[in-house]
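Here is the structure we will look at, set down as structure tokens.
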There are 2 protein chains.
Amino acid sequence: MSSVSSRTQLVHKSTNHLPATLRDVADLAGVSTKTVSRVVNHQKEISEATRLRVQAAIDQLDYRPNILARSLIHQRSNTLAVIAWGIDYYGPSRTIVGIEQEANELGYSLFLSLVSHPTDNHEQILDTLISRRVEGIIWAIPEVGDNRKWIRTNHLDQLPPVVFLTMESRRGISVVSIDNRNGAKQAVRHLLQLGRRKIGIITGPLAWWEASERFAGWQEALAEAGLEASPSLVAKSDDWSSVYGECGMRALLEQSPDIDAVFASSDQIALGALGIAHQLGRRVPQELAIVGFDNTPESAFFWPPLTTIYQQLVDVGGIAVKTLHEMISARRSEREPLQQLSTMLKPELVIRASSLEQNIAPSFHLE
Amino acid sequence: MSSVSSRTQLVHKSTNHLPATLRDVADLAGVSTKTVSRVVNHQKEISEATRLRVQAAIDQLDYRPNILARSLIHQRSNTLAVIAWGIDYYGPSRTIVGIEQEANELGYSLFLSLVSHPTDNHEQILDTLISRRVEGIIWAIPEVGDNRKWIRTNHLDQLPPVVFLTMESRRGISVVSIDNRNGAKQAVRHLLQLGRRKIGIITGPLAWWEASERFAGWQEALAEAGLEASPSLVAKSDDWSSVYGECGMRALLEQSPDIDAVFASSDQIALGALGIAHQLGRRVPQELAIVGFDNTPESAFFWPPLTTIYQQLVDVGGIAVKTLHEMISARRSEREPLQQLSTMLKPELVIRASSLEQNIAPSFHLE
DNA sequence: ATGAAAGCGCTAACAT
DNA sequence: ATGTTAGCGCTTTCAT
């Protein structure tokens with residue numbers, strides 16, 4: 001092969017950025033490609049002398065095996081992909097952290113694809129990822145409206161294994177979620193235990209599964225206590241931001257002036273609600289208790305510090321990747337996956353001063 | 001090739017998940033692989049009749065070209081990688097959003113690699129990415145201590161093109177940054193213009209380039225005004241969190257009880273500082289003005305709303321990818337890149353009520 | 001307009 | 001202990 005020597009000679013010219021190949025190394029070391037391959041893959045059947053000689057050539061040429069070629073042969077890319085929305089929000093970004101950690105742990109590289117809106121078309125993203133032969137996909141776009149109806153239309157078994165995040169469990173698909181309904185229930189039960197009876201809610205955008213679940217949790221907790229989930233206790237939001245916390249709080253105080261607690265569907269909403277409560281002179285928590293959802297780092301420093309619901313989103317990401325890995329292994333060995341492939345985690349109540357008066361430092365009182 | 005027909009027959013068995021190949025399609029359509037290739041790549045020299053027949057076979061087999069094989073031939077993977085820290089923080093995550101958008105725009109897929117700490121070892125990550133033949137790398141790990149000394153040790157020209165984020169510009173490397181020093185100056189000048197004269201600072205972790213730049217900006221702005229940057233006006237932090245806002249504010253009020261303004265090096269720090277100011281009964285901004293840095297979405301809803309510095313971090317990400325693309329193209333065509341490959345963006349001051357009394361809604365006052 | 005053959009960089013199977 | 005051959009799935013000459 002005449003190309004060989006010429007390439008080898010070029011390698012150290014600064015204008016040549018073609019990476020060295022197995023052939024280059026083999027020629028420089030005066031052995032066959034298979035021998036080099038043995039060294040690279042740490043196989044034992046090789047004499048120490050040649051191993052050293054080959055290693056020297058590898059170092060000299062700064063040789064790196066081409067994973068693309070390897071993947072072709074092995075029919076394995078060792079890559080996963082996550083398709084996500086909103087990584088500039090706390091929750092989604094935490095989930096990605098968990099996904100990346102576990103993927104790395106299991107030896108996968110991770111492709112990241114983002115959509116601007118949960119309802120954006122994702123066909124092209126999917127096409128590209130399939131063409132790249134990713135071995136599995138984590139679907140981290142929140143379920144909004146019917147943006148997952150394609151699961152039925154498009155036959156999932158023509159895709160690589162997929163794990164869905166944050167949705168209702170369904171037969172035949174793998175889902176990893178936080179139990180949002182339970183989280184909301186915990187929040188409202190906590191308020192009930194404190195003796196509150198007029199408990200309002202500022203919802204998230206109700207087309208979102210998470211928002212509607214939290215709403216349902218609020219309703220169920222009130223029902224348990226024999227209280228009515230009257231419409232005058234509800235303020236709806238178009239998104240999760242603090243703006244709707246402000247609007248929602250104003251609306252609630254107008255609709256139900258005697259309200260004594262509010263469950264805000266996100267910490268950001270809670271922040272907006274707190275601001276309005278202060279402006280309108282309602283003391284928190286004495287006259288009005290407020291609970292949020294997310295446990296963002298800032299929430300502990302709100303004024304007063306916010307009682308909220310902690311979601312184990314890093315865990316969700318990690319479990320999603322483990323699940324995906326299991327599905328991949330199962331499909332490869334043509335066996336059925338062994339275990340239950342959907343997981344639902346119960347979030348945890350974090351009690352702070354926005355609901356529990358005792359938690360307020362003395363100097364924190366206003367009066 | 002005898003393997004062909006057997007594979008084709010298997011394709012629709014549910015246990016067979018081997019993707020269809022060009023060969024499979026060619027055999028089904030009764031043409032050569034080259035002809036299929038022409039259809040897939042939308043080349044013109046083909047009769048409409050065969051094109052349709054081939055397309056039918058493609059659809060039937062759900063064929064997707066294998067990008068791995070293509071990449072091998074073209075010596076191009078069409079992938080970029082970002083190595084990042086802290087995507088669960090607002091700033092870094094915004095940058096990633098910009099990177100992903102622009103990468104997608106330019107036709108690259110994006111690998112995401114995360115490190116837990118800025119000083120973590122990254123050798124292995126780099127090795128993997130090079131083996132995957134990524135065409136370029138965005139270095140989004142903040143500069144902390146000497147965690148970038150490897151740039152000199154390791155010869156950068158043995159790597160794919162790299163763009164560094166958030167550091168001092170240096171000859172021979174491409175950097176995209178926000179001018180943190182200028183941002184801090186804008187914040188402090190704003191306070192000076194409001195007539196404040198005892199302006200303290202709560203720094204970030206000073207081993208970080210961004211933190212030390214903001215600190216330097218504070219010093220320079222004071223110097224411009226002929227004021228002394230006395231140590232009693234400085235409180236140092238170990239990280240960017242609100243805890244240090246609390247500690248720092250306490251320390252400052254003790255060291256300099258007559259302080260009339262504080263520049264907090266992050267919005268989170270500012271949040272902690274605000275809390276302590278309230279606890280200790282200092283009215284913000286009347287007695288004590290506070291300015292933050294980042295313009296997180298929450299900062300507009302702090303109490304009072306926070307004056308802060310807006311960083312165009314999505315833009316930083318986008319520019320980084322554009323720069324990288326330019327470097328890749330230049331290297332491929334063996335020409336020198338045409339333009340200046342480092343960029344420094346000036347952040348913007350966002351004025352809210354924590355510094356400017358007029359900005360406070362009347363009902364917002366406490367007295 | 002279509003096809004045959006070579007080869008991208010690597011590994012697996014089978015020599016020697 | 002080491003080398004030879006074939007081929008992963010695709011594209012690229014170069015034929016026809």
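Proteins come first, then strands; the chains are lettered A, B, ... in the order of their sequence lines, and each starts at number 1.
- Heavy-atom contacts from other residues, nucleotides or ligands closer than 6.0 Å to CD of B:Gln124 number 12 or fewer.
- With sequence neighbours left out, the side-chain hydrogen bond (donor to acceptor under 3.5 Å, both in side chains) criterion links B:Glu143 to B:Arg170.
- Put simply, the side chain of B:Leu159 does not reach to within 4.5 Å of the side chain of B:Ile137, judged on heavy atoms.
- With sequence neighbours excluded, the residues forming a side-chain hydrogen bond (donor to acceptor under 3.5 Å, both in side chains) with B:Asn41 are B:Ser37, B:Arg70, listed by chain and number.
- Sorted by first and then second residue, the pairs that involve residues 76-86 of chain B and meet side-chain hydrogen bond (donor to acceptor under 3.5 Å, both in side chains), not counting sequence neighbours, are B:Arg76-B:Glu135, B:Ser77-B:Thr79.
- Legend: residues meeting ring pair (Phe, Tyr, Trp, His ring centres under 6.0 Å) with A:His325, ordered by chain and number and at least two apart, are A:Tyr108.
- Residue B:Thr50 is classed as a sugar-phosphate contact, given heavy-atom separations below 4.0 Å to backbone atoms only.
- Between A:Arg70 and the phosphate of C:dC10, there is no side-chain N or O to OP1/OP2 separation shorter than 4.0 Å.
- In terms of phosphate contacts, B:Asn66 brings no side-chain nitrogen or oxygen within less than 4.0 Å of OP1 or OP2 of D:dC8.
- One can place CZ of A:Arg132 at 18 Å from P of D:dG9, the figure rounded to the nearest angstrom.
- When the side-chain nitrogen and oxygen atoms of B:Ser47 are compared with OP1 and OP2 of C:dA1, none of them lie within a distance under 4.0 Å.
- Residues passing the side-chain hydrogen bond (donor to acceptor under 3.5 Å, both in side chains) test with B:Thr35 are B:Ser32, sequence neighbours excluded.
- Heavy-atom distances to DNA chain C give each of B:Gly30 and B:Gln75 a nearest nucleotide, and the one nearer the 5′ end belongs to B:Gly30.
- A close approach under 4.0 Å does occur between a side-chain nitrogen or oxygen of A:Ser32 and OP1 or OP2 of D:dG3.
- With sequence neighbours left out, B:Ser113 forms a side-chain hydrogen bond (donor to acceptor under 3.5 Å, both in side chains) with no residue at all.
- Rounded to whole Å, the distance from CG on A:Asn41 to P on C:dG9 is 17 Å.
- In this entry the distance linking CZ of A:Arg133 with C1' of D:dC10 reads 11 Å, nearest Å.
- A salt bridge (charged side-chain N to carboxylate O under 4.0 Å, His left out) check over residues 29-42 of chain B, counting only residues at least two apart or in different chains, returns the pairs B:Arg38-B:Glu45.
- Comparing the axis of the opening five pairs of the helix from C:dA1-D:dT16 to C:dT16-D:dA1 with that of the closing five pairs yields an angle of 40°, rounded to 10°.
- Here the P atom of nucleotide D:dT11 and the CG atom of A:Leu72 are 12 Å apart, to the nearest Å.
- Following rounding to the nearest Å, B:His42 (NE2) and D:dT11 (P) show an atom-to-atom distance of 12 Å.
- Distance, B:Leu22 CG to C:dG3 P: 13 Å, rounded to whole Å.
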Contacts under 3.5 Å, N or O only, protein and nucleotides 12-16 of chain D:
from, atom 1, to, atom 2, distance (Å)
D:dT12, OP1, B:His74, NE2, 3.1

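- For B:Arg23 and C:dA5, the CZ to P distance is 12 Å, given to the nearest whole Å.
- As a whole-Å value, the separation of B:Arg76 CZ from C:dG9 C1' is 18 Å.
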